[in-house]
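Proteins come first, then strands; the chains are lettered A, B, ... in the order of their sequence lines, and each starts at number 1.
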Amino acid sequence: MIDWGLCCLFLNEDLKFRTTRYSFLQKKSRLEQLAILSGICRDNSQTLLQTLQRLPALNIQAFRISSELFPLYTHPDAGYPLHQLPDGEEILQNFAECRAVAKRLSIRLSLHPDQFVVLVSPHEAVLKSSLAELEYQLVLAELSGAEEINLHLGGSYGDKAAAMARFEKVFAGLPEGLQQRLTLENDDVSYTVSDLLPICRHLQIPLVYDVHHHRCLPDELTIPEASQAAAETWKSRKIPPHFHLSSPKNSWSGTPLRSHADYIDPEDFPSCWHDFDRLCIDVEAKAKELAIAKLQKKMAHQAKPAK
DNA sequence: GTTAGTCAAGGCAAT
DNA sequence: ATTGCCTTGACTAAC
């Protein structure tokens, strides 16, 4: 059984999240800034609620919440706590509904801070801003009921072992809410499944297996081996493993491989994934919910009759 | 109304 | 030591 996950937004549904830029806010007074930000956060909390309500009809069981739900929340100048926003109360109420709806509809929520969160950075300022960003992600997680905050390790700085040692130290100092929610994902530049497994096992952190990254940056593990090893790391969390799937934009012979295609080539779905009882698979494709629908249809069509 | 350029943040490879 | 690239899609400003 597969739970299908949508990342951050729809392509064709009439639901859009809003955002803003510091370069725009910079020109306003603080009062105006807060009014603008408040409106965006309120609208986004409403849109999240409507999104969750829409997912079952699209046969989608998981959703990744955009890091930009509260734009510039941790910005050194424009940043804000929710209680400073004129619509703070309404936003909290909308999130209470989101939690209830997600629970009622069994929608699995996750967060994926982007490249700027680097817990292994040797630069103090980068670590500090990364921790601030994670505190924000924890706020989002607690508000929405998300149980997963998925990270890349980030840079290697020419010494992966030293960087991973720094991670272990930083992890030990994180608030419990973050320790309970953090997951680590293999990337396409530095850290493979093979690199991450020792950390994940030692600290009991689930490993989010991205098969596309694994194909771009292989290690000594086969796809079935990596899938199996990653799945093992989820057992202590008592929820099905979370994997990522995407197809390269310019086909496997083209360059660059990294960027995501509009849809998923069914050939890129690892056949060994059918062997798992239950998996959650985020579909990272530009055509969003249309890509999920198309893949579901193709796979149902291909499915072999039961023996 | 349409569209092109822009956007807080890091790291890395190329120069 | 410095620059451009990676990559997202909505926003803004200019037309």
Side-chain angles (χ1 to χ4, degrees), chain A residues 6-28 32-33 35-37 39-41 43-44 47-48 51 63-80 111-137 140 149-160 162-164 166-167 170 185-192 195 210 212-213 216-217 244 246-250 254-263 282-291:
Chain A
L6 175 70
C7 301
C8 302
L9 51 97
F10 295 107
L11 182 70
N12 262 7
E13 298 292 309
D14 188 24
L15 290 171
K16 298 263 179 269
F17 291 96
R18 299 174 57 199
T19 188
T20 188
R21 299 285 169 216
Y22 180 61
S23 55
F24 172 65
L25 289 183
Q26 202 174 14
K27 295 174 276 189
K28 316 283 183 187
E32 287 175 295
Q33 288 181 359
I36 292 166
L37 290 162
I40 293 174
C41 293
D43 286 356
N44 285 351
T47 303
L48 178 62
T51 294
F63 184 68
R64 180 188 304 173
I65 298 171
S66 166
S67 297
E68 279 209 282
L69 205 79
F70 298 157
L72 302 170
Y73 186 91
T74 61
H75 189 279
D77 186 37
Y80 51 93
L111 292 154
H112 196 359
D114 50 14
Q115 58 178 322
F116 308 110
V117 173
V118 188
L119 293 181
V120 302
S121 176
H123 308 105
E124 205 174 329
V126 174
L127 177 59
K128 196 178 165 195
S129 65
S130 297
L131 292 172
E133 177 69 16
L134 281 186
E135 275 183 47
Y136 157 59
Q137 298 272 340
L140 273 183
I149 300 176
N150 181 38
L151 282 185
H152 290 295
L153 229 39
S156 60
Y157 315 91
D159 188 348
K160 276 194 241 182
M164 291 192 286
R166 287 199 292 278
F167 178 84
V170 171
E185 176 185 346
N186 62 303
D187 64 67
D188 55 359
V189 180
S190 304
Y191 294 94
T192 63
D195 291 327
D210 187 313
H212 180 59
H213 289 159
C216 293
L217 180 69
H244 291 177
S246 55
S247 286
K249 189 173 189 170
N250 300 315
T255 53
L257 290 178
R258 280 197 217 120
S259 51
H260 296 161
D262 293 348
Y263 291 89
D282 282 354
V283 172
E284 297 181 323
K286 288 190 178 183
K288 300 295 173 182
E289 79 280 8
L290 301 185

Using the test salt bridge (charged side-chain N to carboxylate O under 4.0 Å, His left out), find all partners of A/D262 that sit at least two apart in sequence or belong to another chain.
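Scan of A/D262 (salt bridge (charged side-chain N to carboxylate O under 4.0 Å, His left out), adjacent residues dropped) gives none.
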Compare side-chain N and O positions of [X] against OP1 and OP2 of [N] and report whether any pair is under 4.0 Å apart.
| X | N | value |
| --- | --- | --- |
| A/Y22 | B/dC7 | no |
| A/H152 | B/dG10 | no |
| A/T20 | C/dT12 | yes |
| A/S121 | B/dG11 | yes |
| A/S129 | B/dA8 | no |

Given atom [atom1] of [X] and atom [atom2] of [N], what is their separation to the nearest angstrom?
| X | N | atom1 | atom2 | value |
| --- | --- | --- | --- | --- |
| A/R18 | C/dT12 | CZ | C1' | 13 Å |
| A/D187 | C/dC6 | CG | C1' | 13 Å |
| A/L72 | C/dC11 | CG | C1' | 12 Å |
| A/R21 | C/dA13 | CZ | P | 13 Å |
| A/E124 | B/dG10 | CD | P | 15 Å |
| A/R166 | B/dG10 | CZ | P | 15 Å |
| A/D14 | C/dA10 | CG | P | 13 Å |
| A/H112 | C/dT8 | NE2 | C1' | 13 Å |

Taking Watson-Crick and G-U wobble contacts under 3.5 angstrom, with | marking pairs to another strand and [ ] crossing pairs, the secondary structure of DNA chain C is written ||||||..|||||||
Give A/S23 one of three labels, base, sugar-phosphate or nothing, depending on what nucleic acid heavy atoms sit under 4.0 Å from its own.
sugar-phosphate
Name the nucleic acid region contacted by A/E133, choosing base, sugar-phosphate or nothing; use a 4.0 angstrom heavy-atom cut-off, strictly under.
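Base contact - A/E133 has a heavy atom under 4.0 Å of at least one base atom.
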Inter-nucleotide [atom1] distance ([N], [M]), Å rounded:
| N | M | atom1 | result |
| --- | --- | --- | --- |
| B/dG10 | C/dG9 | P | 22 Å |
| C/dT8 | B/dA13 | C1' | 22 Å |
| B/dA14 | C/dT7 | P | 15 Å |

For A/K16 and A/K27, take the nucleotide of DNA chain C holding the closest heavy atom to each; which residue's nucleotide lies nearer the 5' end?
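Per heavy-atom nearest nucleotide, the more 5' residue is A/K16.
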Between A/F17 and A/Q115, which residue's closest nucleotide on DNA chain C lies nearer the 5′ terminus?
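Per heavy-atom nearest nucleotide, the more 5' residue is A/Q115.
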Measuring from atom SG of A/C8 to atom CZ of A/F63, what distance do you get when rounded to the nearest 0.5 angstrom?
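Reported to 0.5 Å precision, the distance equals 6.5 Å.
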Out of curiosity, A/Q137 CD to A/L131 CG, how far, rounded to the nearest 0.5 Å?
12.5 Å
Tell me which nucleotide among [options] gets nearest to the side chain of [X].
| X | options | answer |
| --- | --- | --- |
| A/S190 | C/dT8, B/dC12, B/dG10 | B/dC12 |
| A/S156 | B/dC12, C/dA10, B/dG10 | B/dC12 |
| A/K286 | C/dG9, C/dC11, B/dC12 | C/dG9 |

Under 3.5 Å, side chain of A/H260 to main-chain N/O of A/A285, donor-acceptor pair present?
no
Mark yes when over 12 heavy atoms from residues, nucleotides or ligands other than A/K16 sit less than 6.0 Å from its NZ; otherwise mark no.
yes
Are A/E68 and A/R21 within salt-bridge range, i.e. N to O under 4.0 Å?
yes
Are A/N44 and A/T47 close enough that a side-chain donor and a side-chain acceptor fall under 3.5 Å?
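The answer is no; no qualifying pair exists.
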Residue pair A/E185 / A/H244, side-chain donor-acceptor N/O under 3.5 Å
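Yes.
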